[in-house]
Amino acid sequence: MVEGSARAATAPPRPLGPDDGEDAPGRRRRPATGRAGSALVGAVVVAVLAGPWLEQRFGLAAFEAWRTLLLAVVVQGVPFLLLGTVVSAAIGAFVPARVFAKVLPRNPVLAVPVAGAAGVVLPGCECASVPVAGSLMRRGVPPAAALTFLLAAPAVNPVVLVSTAIAFPGRPEMVAARLAASLVTSVVMGWLWVRWGREEWLRLPTGHAEHASGVGRLEAFRRGLQHDFLQAGGFLVVGAMAAATFNVLVPPSVLDAFSGSPWLGVLVAAALAVLLSVCSEADAFVASSFTGFSPTARLAFMVVGPMVDMKLIALQSGAFGRAFAVRFCTGTFVVAILCCVLVGGLFL
């Protein structure tokens with residue numbers, strides 16, 4: 001008895017999954033990310049329900065505009081976020097790690113362009129790309145390849161290219177420029193991570209499915225979907241709140257002062273893409289309305305937005321850590337602008 005107790009006391013602790021821990025005997029504690037995500041979703045529901053009353057009671061027209069913009073961003077993002085978390089949970093529960101070892105080249109330098117090309121054939125929004133990239137890393141895909149896919153998938157997929165052609169009728173060069181600039185940016189960022197990326201910058205995601213020992217694949221899928229969706233959904237709401245706040249506080253006249261300058265126009269259009277956080281399937285229609293901006297500036301809006309915006313920064317911070325998000329998003333912003341200037345000079 002004593003010997004058995006001693007062995008139990010010295011045994012290494014079992015790694016805890018997101019749902020481990022007890023609030024009461026026989027009842028599991030909800031993960032912190034799940035509680036935070038539920039709280040933020042609840043805040044959105046309260047804002048939706050209380051908005052009309054606040055506007056009528058206090059005359060808060062600005063709050064009504066903020067509420068409308070917040071809902072627009074969230075409603076745009078949630079379907080694609082759900083799609084991404086479904087794909088992420090399915091990868092973790094049903095796809096063996098050896099599959100990725102066979103598909104991708106062993107050399108990360110060669111795996112990066114393959115991952116970028118995969119984004120061309122997989123429709124998705126930027127909200128979906130973050131959980132999918134995290135799941136790929138958990139299955140053994142090199143971070144450089146997963147991050148390349150994260151940038152390419154929402155920017156160069158067929159849905160985005162078709163919407164760009166519709167938004168710019170009779171201008172196939174705009175579609176070609178968007179495809180080229182987005183793909184080059186994604187691959188360059190992947191290669192930059194191969195060369196200078198450090199493991200300590202990236203907090204590798206630990207999905208729930210990997211900790212769910214002794215459960216079936218369907219149960220692992222359910223737990224992974226719940227964990228990823230609640231975590232990512234909370235950060236989506238944070239990004240949507242930031243984007244709505246900017247839209248309400250900054251008047252259009254501020255933007256008109258910069259649209260006439262070619263260089264400032266590109267920088268302002270790229271900054272707008274970050275702050276407005278328009279879904280990649282719809283951003284071409286917004287860019288086409290920027291008639292005062294140059295074609296290269298409008299290209300920068302369409303290339304930067306699906307790779308770096310407020311909701312993506314929040315999602316990446318939650319999935320991979322704040323230190324990673326600051327470095328990766330800053331580098332992506334700079335590389336995307338340089339690629340837009342280069343490609344815009346060639347195509348536009």
Side-chain angles (χ1 to χ4, degrees), residues 69 73 126 147 150-152 154-156 160 164 167-168 171 173-193 196 239-240 242-280 282-317 322 324-348:
L69 291 168
V73 176
E126 56 268 26
L147 295 175
L150 183 152
L151 297 177
V156 300
V160 170
T164 305
F168 293 92
R171 299 197 61 183
E173 69 276 8
M174 188 63 77
V175 181
R178 180 173 194 175
L179 173 63
S182 300
L183 194 56
V184 170
T185 300
S186 304
V187 173
V188 168
M189 285 303 300
W191 282 336
L192 289 177
W193 184 266
W196 285 291
T245 301
F246 172 84
N247 277 271
V248 170
L249 296 181
V250 179
S253 58
V254 175
L255 306 178
D256 296 337
F258 299 100
S259 60
S261 172
W263 289 102
L264 283 178
V266 171
L267 294 175
V268 170
L272 279 175
V274 176
L275 296 170
L276 296 180
S277 301
V278 182
C279 186
S280 61
D283 61 1
F285 299 96
V286 178
S288 65
S289 68
F290 293 161
T291 54
F293 286 86
S294 67
T296 300
R298 286 186 274 182
L299 174 65
F301 181 87
M302 294 187 293
V303 172
V304 171
M307 299 184 182
V308 187
D309 64 19
M310 297 299 292
K311 63 180 183 295
L312 262 177
I313 294 172
L315 285 168
Q316 290 183 19
S317 298
R322 186 180 303 173
F324 166 82
V326 170
R327 292 179 172 90
F328 190 73
C329 290
T330 301
T332 303
F333 183 82
V334 174
V335 171
I337 290 177
L338 294 177
C339 290
C340 287
V341 171
L342 176 61
V343 172
L346 296 174
F347 286 85
L348 307 176

For residues [X] and [Y], report the shortest heavy-atom separation together with the two atoms involved.
X      : Y      : result
Ala297 : Ala269 : O-CB, 3.2 Å
Ser317 : Ala325 : OG-CB, 3.3 Å
Phe301 : Leu272 : CE1-C, 3.9 Å
Thr185 : Ala336 : OG1-CA, 3.6 Å
Ala177 : Val343 : O-CG1, 3.6 Å
Ala181 : Cys339 : O-CB, 4.1 Å

Pairwise distance [atom1]([X]) to [atom2]([Y]) - rounded to 0.5 angstrom:
X      : Y      : atom1 : atom2 : answer
Phe324 : Leu147 : CZ    : CG    : 4.5 Å
Met189 : Cys329 : CE    : SG    : 8.5 Å
Leu151 : Thr332 : CG    : OG1   : 5.0 Å
Phe328 : Leu312 : CZ    : CG    : 10.0 Å

State, yes or no, whether a side-chain contact exists between Leu179 and Phe347 at a heavy-atom distance under 4.5 Å. no
Is the shortest side-chain heavy-atom distance between Met174 and Met302 below 4.5 Å? yes
Can any side-chain N or O of Ser277 pair as donor or acceptor with the backbone N or O of Met310 at less than 3.5 Å? yes
Do the side chain of Arg178 and the main chain of Thr164 share a donor and acceptor less than 3.5 angstrom apart? no
Non-neighbouring partners of Arg171 that pass side-chain hydrogen bond (donor to acceptor under 3.5 Å, both in side chains), sequence neighbours left out: Glu173
Trace of the side-chain contact (heavy atoms from CB on, under 4.5 Å) decision for Val175 with Phe168: CA-CA 8 Å; Val175 181; Phe168 293 92; 5.9 Å; no
Is there a side-chain contact (heavy atoms from CB on, under 4.5 Å) between Gln316 and Leu150 once you walk through the steps? CA-CA 10 Å; Gln316 290 183 19; Leu150 183 152; 3.7 Å; yes
Go through the steps to decide whether Ile337 and Leu267 satisfy the test side-chain contact (heavy atoms from CB on, under 4.5 Å), and finish with yes or no. CA-CA 8 Å; Ile337 290 177; Leu267 294 175; 3.8 Å; yes
